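This is a predicted model, so every value here is computed, not measured.
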Amino acid sequence: MSAQDNNHPQIPELDIEKFRLLINHIPGVIYRCAGDEFFSLQFFSDQIMSLTGYPLSYFEENRSDGYLKLVHPEDRERLKKRMRHAIDAKEKFEFEYRIIRKNGTVCWVLERGQGIYEEANQVSYVDGCIFDISHRKATEEALEKSEDEVKRLALVAHNTTNSVLITDADENITWVNEGFTRITGYTLDEIRGKKLGYSLEGPGIDKKNHSRIREALDSRLPFNEEFISYKKTGEPIWLRADCQPLFDEEGNHMGFMAIENDITKSKLAQKQQEELVTRLTLATDSAAIGIWEIDLETNKVIWDERMFALYGYPNGTSTSLYKIFNSSVHPEDAEMMANIIGELLSNKKEINGAIYRIILPDGQIRHIESHAIIKKSESGRLTSLIGTNRDVTETAQVQEKIKAQNKMLRDIAFIQSHEVRRPLANILGMIDILKNSGAVSELEIFQHLEESAHELDHEIRNIVNKTNNLDDEAFR
């Protein structure tokens, strides 16, 4: 602590008291300090306590550096140099810097001052004032942050492929991005001033959807809807819109911001998919085909309603579908089915099929025609098995009857061929005896009779062969 320099002008004690009464009404700290190297304190107004949290006595006891110690370490040296430079240059000064209050909080202050000089141009003392500008600084930082955020949002809105539009509180469009122009064909100049939802009038509009949007806008509520809109050319498009109301810090409604995505392609694809599913459902229902899928990554099995009916179980039964299948397959067909499934899972085959028997819970034996394919990921990894089942019991029974009839025909043909060929063999033998005996002179007649007998024998053999070659492969 340094004492006051008696060579410097002093403010009389009576004058200081009068001065203090005058300036204590100023919303800032008034000070006077000496022109020495420390700028030692001579006077602080009472506002110093509300600014720093320290009583005036603290600064009177630490005149040389009491206040300087409160200056933020990052600002202290810079403040000293700038103040000394201003004093030496006989300039007024104005600085913004931080101080640390007694409670540890940081406060931004603005200090203004100037030196008072003797005739020899030596600084006698420095007068100035210090104001708390923390609120202003906080506002500036918030504004800067807000402006930076707005710039980033504007950059995102400008470069996004989606449509972005902003309206005022009366739903009048005030701004759109390039994505909006690309999707709709309208420029900002063409669209500015139009009402939000201007393009929702036309054929194909869902009135319930339109009503929900209108209700949300009137109630200033957010909404997320899919709807048909119309381009500048009149071409309909599907849009998915996420619309949010905008409010200021005081809760006043400012307008709306809508982000719209063109989903026309996905909607068309969805429609095609639905049509395909409808046709597939019609086909499977007509043919009584059940559809199943096994997710190889989760081992989850999915059956449709027809599959449960085929295997004699109620739809959605809690019994494991693996257990239902394994317990239902006929024991004589179990190995065959295990081999077929193994060929699919080992990637030896990508599609396979078979007809096998199952035993229903009531003991009935049914014949099932099954087809399955494997599904792979882009990397070639097996992801699932998808297949169909169809009850072909009646067809199998008909085939068994046909196979039995074929066997019967073969047996009859075999027996009958022997019965027919026996007398024919006798005729051929008699012809041969007569030819060789020379008892008959008309050999031409015998030759013709012999040829006819051989032709008859050949036809009988053909009948037997064709009967024996009846193909049962189609029924296997």
Worksheet entry | salt bridge (charged side-chain N to carboxylate O under 4.0 Å, His left out) between R212 and E215, intermediate numbers included | CA-CA 5 Å; R212 287 196 303 270; E215 183 178 350; over 6 Å; no
Practice prompt. Go through H72 and I100 one step at a time and tell me if the side-chain contact (heavy atoms from CB on, under 4.5 Å) criterion holds.
Written response: CA-CA 6 Å; H72 196 285; I100 301 176; 4.3 Å; yes
Item to complete: Walk me through it: do R240 and E225 pass the test salt bridge (charged side-chain N to carboxylate O under 4.0 Å, His left out)?
Response: CA-CA 6 Å; R240 180 187 292 117; E225 294 282 351; over 6 Å; no
Item to complete: Starting from the C-alpha separation in whole Å, work towards a yes-or-no answer on side-chain hydrogen bond (donor to acceptor under 3.5 Å, both in side chains) for D391 and T393.
Response: CA-CA 6 Å; D391 189 332; T393 303; 2.6 Å; yes
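Going from atom CG of N162 over to atom CG of N261 covers 4.5 Å, rounded to the nearest 0.5 Å. To the nearest 0.5 Å, atoms CG (L239) and CD (E226) are separated by 10.0 Å. The line from CG of L68 to CZ of R76 is 6.0 Å long, rounded to the nearest 0.5 Å.
Contact check for E94 versus L110: side-chain heavy atoms found under the 4.5 Å cut-off. Using a 4.5 Å heavy-atom cutoff, the side chains of R357 and E332 are in contact. I374 places a side-chain heavy atom less than 4.5 Å from the side chain of N347. Proximity of I130 to Y67: side-chain heavy atoms (C-beta onward) are separated by under 4.5 Å at one or more points. Put simply, the side chain of R98 reaches to within 4.5 Å of the side chain of E74, judged on heavy atoms.
Considering every non-hydrogen atom in both M337 and A354, the closest pair reads SD-CB, 4.3 Å. Heavy atoms only, all atoms of each residue included: T264 and W238 are closest at OG1-N, 2.9 Å. Scanning all heavy atoms of the two residues, the minimum distance from A241 to F227 falls at CB-CE2, 3.5 Å. Pairing each heavy atom of V301 with each of L321, the nearest pair is O-CD1, 3.5 Å. Contact record, I173 with L196: CG1-N, 4.3 Å, taken as the closest heavy-atom pair. Scanning all heavy atoms of the two residues, the minimum distance from L360 to G312 falls at CD2-N, 4.2 Å.
For the residue pair S134 / D132, a side-chain donor-acceptor distance below 3.5 Å is found, with atom types taken as modelled. With 3.5 Å as the limit, one finds no donor-acceptor pair spanning the side chains of N172 and K194. A donor and an acceptor atom, one from each side chain of T52 and R101, are nowhere located under 3.5 Å apart. Under the 3.5 Å distance criterion, with hydrogens and angles disregarded, a donor-acceptor pair is assigned to the side chains of N352 and E343. Side chains of S370 and N389: a donor on one and an acceptor on the other come within 3.5 Å.
For E297, the CD atom sits in a packed shell: over 12 heavy atoms of surrounding residues, nucleotides or ligands are nearer than 6.0 Å. Within a 6.0 Å sphere centred on NE2 of H253, other residues, nucleotides and ligands contribute more than 12 heavy atoms.
Salt bridge K300/E293: absent, no basic N to carboxylate O contact under 4.0 Å. With salt bridges taken as basic N to acidic carboxylate O contacts below 4.0 Å, one links E171 and R214. Under a 4.0 Å N-O distance rule, the pair R136/E141 does not qualify as a salt bridge.
Between Y311 and W303, the distance from one ring center to the other falls under 6.0 angstrom.
Under a 3.5 Å cut-off, the side chain of S266 and the backbone N or O of I263 do form a donor-acceptor pair.
The aromatic rings of F95 and F93 sit parallel, their planes meeting at an angle under 30°, below the 60° perpendicular limit. Between F180 and Y186, the ring planes are tilted. Angles from 30° to 60° get that label.
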